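Written below as structure tokens is the structure these notes are about.
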Amino acid sequence: MESYDHLKIDKKWQKAWEDSNLYETKDNVPGKENFYSLVEFSYPSGNLHTGHWYAFSVPDIFARYKRMRGYNVLYPMGFDAFGLPAENAAIKLGADPKVWTYEQMDKMRIQLRSMGASFDWSREVVTCTPEYYKWTQWMFNQFLKHDLVYRDITMVNWCPKDQTILANEQVVDGTCERCGSEVVQREQQQWMLRITKYADRLVDDLDALEWPHAIKEAQKNWIGRSEGSEITFELKNPHSSDLWKVAVFTTRADTLFGVTYVVLAPEHPLVKELIAEVENKNEVEVYITQTSKKLELERQQSKEKTGVELQGIKAINPANGEEVPVWIADYVLANYGTGAVMGVPMHDERDHEFAQTHGLPIVDLPLVDSAEITKKVGGTMTKTYRLRDWGISRQRYWGTPIPIVYDPEGNAHPVPDEHLPWLLPTDVDHTPDGTPPLARSKELFERTEKIFGNGWVPEVETMDAFVDSTWYFYRYLDNKNNTAFAAKGSMDAWMPIDLYMGGAEHTTMHVLYSRFWTKALFDLKLVTDSEPYTVRRNRGLILGPDGNKMSKSKGNVINPDDIVDRLGADTLRLYLAFMGPYIGSNYPWDPNGVVGVRRFLERVWKLKEKIGEGKTTPQLHKTIKKITEDIEAYKFNTCIAAMMILVNEWEKTTAILQTEYTDLLLLLAPFAPHMTEELWNTLGQKDSIHLSSWPTVDESQLIDEMRTIGIQINGKLRAELRISTSATKEEIEAEALALPKVQGLVQSTTVAKVIVVPGRIVNIVIH
RNA sequence: GCUGGAGUGGCGGAAUUGGUAUACGCGCUAGUCUUAGGAACUAGUGCCGCAAGGCUUAGGAGUUCAAGUCUCCUCUCCAGCACCA
């Protein structure tokens, strides 16, 4: 018999599946229910690493299993092709981002094929193609029309060295992830998406979703909804008749009588007005300048309660008319709540520290009812959020152009739909110099004037790449449509997504953004579901053999291509699935462990020689049952363990039936698609094993005639009893008590009670 | 600090959900084969003990005939948020 030659077998079947379009998925197949299984598509980095294998080949097991259970399964793949990784790599190599990206995608498609995953490549989606970003722009226009897009000046992360805005996720501990410079906050006008309008729904709709508690909590945490009161304090200056009002947000209106001062954030708009009135103008101005220069890192790390009193200004407590001093301090954040707080040192730790530092009074007055006092002082019960609107402007080249043009007066206008896709120009030097690269495109400016008239200029910013990925799962459903982002019929066939497996790092970014996007589309009646993912599950990470995250600098990277060459795609797939439950933990790579599963595959291979006449093994049906249950719970590790147990048992027998062997192949097919297909084929089967049905459990085979149960005395295991499963409680008790071992221990005592759990245990209670 | 999650052999992890703890794999030990290294195969392998036996699911208490599993306290680790009023 030929030995298991993975190199030959992997390639042979990958080609055969491709030639026969085995995984091409139709929107509707009579008699089959649809199942949409989604995994996060990847950046075209041109290098498929172990993480990709874990992210794609393990969920492929589930997709294949579902197909064998009779579902019409969509398991698509594509590329999140715009964005920083491509642009950075291109800049570094002096290459064109587009050329570089397309080269990487070509490489990755080849690597992805080596996985033997059941992707339907005919539905591939690439976000940097005009055919795709046309619809990203179209949706942007729709949102603009419905006031979900606006332009505003906000604080952004700015890297002074790279002269560019950084996304939040590119700021690592206050420094630029690329060059390590300390990031500063800077005011910048940008295009914003009104995600905060959806804050309540993004929190409340989580309740109905079948998602893990941890993911829901992380999103709630991130949105940070806080319920409280907004209360207005009047400010006055004894030397003039001017009056100002300042609203504060508090969750503790009940402490209103304990207020001994009011604090504004240094950036609070009112401060600019008040500054002319204060007695210590210089001091205040110096403080404002100092805090604005403070690096984000410092402000985060130093919890020192600095501040300056606005001398001469007094706030009037609406509850009792008492005059209290007004301060500015940078422990009050401008962009949370109203940017102003009432200082209650008795009941708030930070206020207490501030009061102590600056010698402000700390008074203990009785608490009142929050709702009542809020009403009494003319305040309102309100909610505030940590979540802020999503700034999507990027001063970069490699992204979806924001489809906006400005008239000669500087007013913004959307690029009409008939001019979409609003193409990304190519006549651009993409080296970052602090100005958007598109500003240097002659073609873009000429195009704008040609279409809109003299003096019109284009928007020169591009969109955050997270915008592209908010809706990619709709495009898989109808990826060639050029009259709509997807036809309603295709969306009805597949949405909402049945299973979305991905990384925990996307919980508060991509997953939240795409939920928002879907809700916005839903409100515009463009889609029929307000939530995109029925089930979301987070997988873990594959760590290096040293237990650290794989990285080139640590020298602990396992290259999947090497494993595929040496041991085969099936071994790698199987090992990744065998490491532990798919949902939950991170697992270190064990170079010996991967050899262990290869041995298992070889045993399955050799078992073919044992096919012959014989008796059915009851173990097979227990195995089918076990795997069917565990696979549904994404516990692929115990599925493989169950197959190993079966193979261990079969190795001890002289012969196995061919039907039993093919049942094992069917169970193993989702895990090791290449080897099982080869064995299936050599046994004379004509159709692909991957078009076959999942084996059924013969319930009658599950019933054991005899069973070994444990005999405990006072809860401690003392003996074992082999007994018929049809034995009555009385029979079991009698036999247990008759055991010599039990006799010896029970003899000189009184048996108080005997608990018999048939098929499980006997516990004899003695005194 | 707040929120969530987790602690089981030398390692990754099992445990029918309250019923024989340590399945399966790795590693380790011995043996067979091999010039050797490796690979493969066979047997053993929770800990202490020569043994009888005792102990064991981070630690401590509790409920129960019975606890890895339920309850309370303590400790440790991981993740997210964090001067969020």
Side-chain angles (χ1 to χ4, degrees), chain A residues 212-226 228-229 248-253 255 263 265 299-305 329-333 335-344 347-351 353-354 384-387 504-505 507-508 538 540 543 545 547 574-575 578-581 584-597 599-600 602 622 625-626 629-630 635 637-648 651 707-721 752-766:
Chain A
H213 187 66
I215 305 181
K216 293 185 182 184
E217 286 303 313
Q219 290 206 348
K220 283 184 191 171
N221 229 318
W222 180 266
I223 295 166
R225 179 163 69 189
S226 170
S229 316
V248 302
F249 174 77
T250 179
T251 54
R252 296 292 308 273
T255 65
V263 199
R299 198 166 161 157
Q300 268 177 25
Q301 282 174 353
S302 156
K303 305 253 158 137
E304 209 186 322
K305 297 287 177 293
D330 69 356
Y331 84 92
V332 174
L333 306 173
N335 46 28
Y336 181 77
T338 60
V341 304
M342 57 186 214
V344 188
H347 295 285
D348 185 281
E349 234 176 77
R350 294 150 302 180
D351 293 349
E353 199 189 326
F354 188 74
T384 188
Y385 307 88
R386 206 201 68 95
L387 182 74
E505 69 276 17
T507 302
T508 53
N538 285 350
L543 308 170
L574 207 65
Y575 177 59
F578 187 57
M579 295 174 108
S585 202
N586 299 335
Y587 305 104
W589 181 271
D590 180 354
N592 293 310
V594 73
V595 177
V597 294
R599 265 198 289 263
F600 164 69
E602 303 237 16
K622 288 184 187 155
K625 188 163 185 276
K626 166 94 178 143
E629 284 165 6
D630 288 0
K635 285 159 74 180
N637 56 329
T638 50
C639 294
I640 296 165
M643 285 187 268
M644 286 173 168
I645 293 168
L646 181 65
V647 167
N648 289 345
E651 279 182 339
R707 192 126 187 211
T708 305
I709 61 172
I711 310 298
Q712 296 178 335
I713 292 174
N714 286 352
K716 285 199 183 287
L717 186 71
R718 295 298 180 187
E720 282 185 342
L721 177 65
K753 206 175 358 168
V754 179
I755 286 124
V756 180
V757 184
R760 297 256 183 274
I761 205 152
V762 175
N763 192 9
I764 300 162
V765 187
I766 59 171

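Predicted, not measured: the structure shown is a model, and the values here were computed from it. Lettering follows sequence order; numbering is per chain, from 1.
- Residues passing the ring pair (Phe, Tyr, Trp, His ring centres under 6.0 Å) test with A/Phe249: none are found, sequence neighbours excluded.
- With C1' as the reference atom, B/U29 and B/G9 are 16 Å apart, rounded to whole Å.
- Contacts of A/Arg252 classified as salt bridge (Lys or Arg N to Asp or Glu O under 4.0 Å), with partners at least two apart in sequence or in another chain: A/Asp254.
- Nucleic acid contact for A/Lys305: base, since at least one base atom lies under 4.0 Å from a heavy atom of the residue.
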Sequence-aligned protein contact record of nucleotides 17-34 of chain B, with B where the base is within under 4.0 Å of a protein heavy atom and S where only the sugar-phosphate is: --BB--BBSSS-------

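- Across B/G49 and B/G54, the matching C1' atoms stand 9 Å from one another, rounded to whole Å.
- Protein atom CD of A/Glu651 is 10 Å distant from nucleotide atom P of B/A43, rounded to whole Å.
- Taking atom C1' on both B/U22 and B/C47, the two are 12 Å apart, rounded to the nearest angstrom.
- Regarding A/Tyr587, its OH atom lies at a distance of 12 Å from the C1' atom of B/A14, rounded to whole Å.
- Screening A/Ile764, A/Asn763, A/Val765 against A/Ile713 for a side chain to side chain contact (heavy atoms under 4.5 Å, CB included) leaves a single residue, A/Ile764.
- Between A/Lys216 atom NZ and B/U3 atom C1' the separation is 16 Å, expressed in whole Å.
- For the C1' atom pair drawn from B/U45 and B/G25, the interatomic distance equals 14 Å after rounding to whole Å.
- A syn orientation is assigned to B/G9, its glycosidic angle lying within 90° of 0.
- Using a 4.0 Å heavy-atom criterion, one finds that A/Arg718 contacts the sugar-phosphate atoms exclusively.
- Taking syn as a glycosidic angle within 90° of 0, B/U71 does not qualify and is anti.
- With sequence neighbours left out, A/Lys716 forms a side-chain contact (heavy atoms from CB on, under 4.5 Å) with A/Arg718.
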Dot-bracket line, read 5' to 3' along RNA chain B, where crossing pairs take [ ] and | marks a partner on another strand, Watson-Crick or G-U under 3.5 Å: (((((((..(((......[....)))((((((.......))))))(((....)))..(((((..]....))))))))))))....

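- The distance from atom CD of A/Glu217 to atom P of B/C2 is 15 Å, rounded to the nearest whole Å.
- With both ends at atom P, the span from B/G68 to B/U57 equals 7 Å, rounded to whole Å.
- Atom P of nucleotide B/G54 and atom CD1 of A/Ile713 are separated by 11 Å, given to the nearest angstrom.
- For the pair A/Lys305 and A/Tyr331, the cation sits on the ring face: its NZ or CZ lies under 6.0 Å from the ring centre, inside 45° of the axis.
- Residues forming a salt bridge (Lys or Arg N to Asp or Glu O under 4.0 Å) with A/Lys625 (at least two apart in sequence, or on another chain): A/Glu629.
- Remark: A/Lys635 engages no residue in a side chain to side chain donor-acceptor pair (under 3.5 Å) (not counting sequence neighbours).
- Comparing B/C26 with B/A40, their P atoms are spaced 9 Å from each other, to the whole Å.
- Partners of A/Gln712 according to the side chain to side chain donor-acceptor pair (under 3.5 Å) rule, which considers only residues two or more places apart in sequence or in another chain, do not exist here.
- When each of A/Thr338 and A/Pro581 is assigned the nucleotide of RNA chain B with its nearest heavy atom, A/Pro581 is the one assigned upstream, toward the 5' end.
- Spacing between B/C50 and B/G1 at atom P, rounded to whole Å, works out to 48 Å.
- Remark: A/Tyr336 is in phosphate contact with B/A85, judged by side-chain N or O atoms under 4.0 Å from OP1 or OP2.
- Residues meeting the salt bridge (Lys or Arg N to Asp or Glu O under 4.0 Å) test with A/Asp348, sequence neighbours left out: A/Arg350.
- When the P atom is compared between B/A6 and B/G13, the two are found 14 Å apart, to the nearest whole Å.
- Under the side chain to side chain donor-acceptor pair (under 3.5 Å) criterion, A/Glu602 pairs with A/Arg598, not counting sequence neighbours.
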Please list, for nucleotides 78-82 of chain B, all pairs of protein and nucleotide N/O atoms separated by less than 3.5 Å.
unit_1 : atom_1 : unit_2   : atom_2 : d
B/G80  : N2     : A/Asn221 : ND2    : 3.3
B/C81  : O3'    : A/Arg386 : NH1    : 3.0
B/A82  : OP1    : A/Arg386 : NH1    : 2.5

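- Evaluation of the side chain to side chain donor-acceptor pair (under 3.5 Å) rule for A/Tyr385 yields A/Asp200 as partners, not counting sequence neighbours.
- At the phosphate of B/A6, neither OP1 nor OP2 sits under 4.0 Å from any side-chain N or O atom of A/Ser585.
- Between A/Phe578 atom CZ and A/Thr638 atom OG1 the span is 9.5 Å, to the nearest 0.5 Å.
- Between A/Asn538 and A/Thr507, some side-chain heavy-atom pair lies under the 4.5 Å cut-off.
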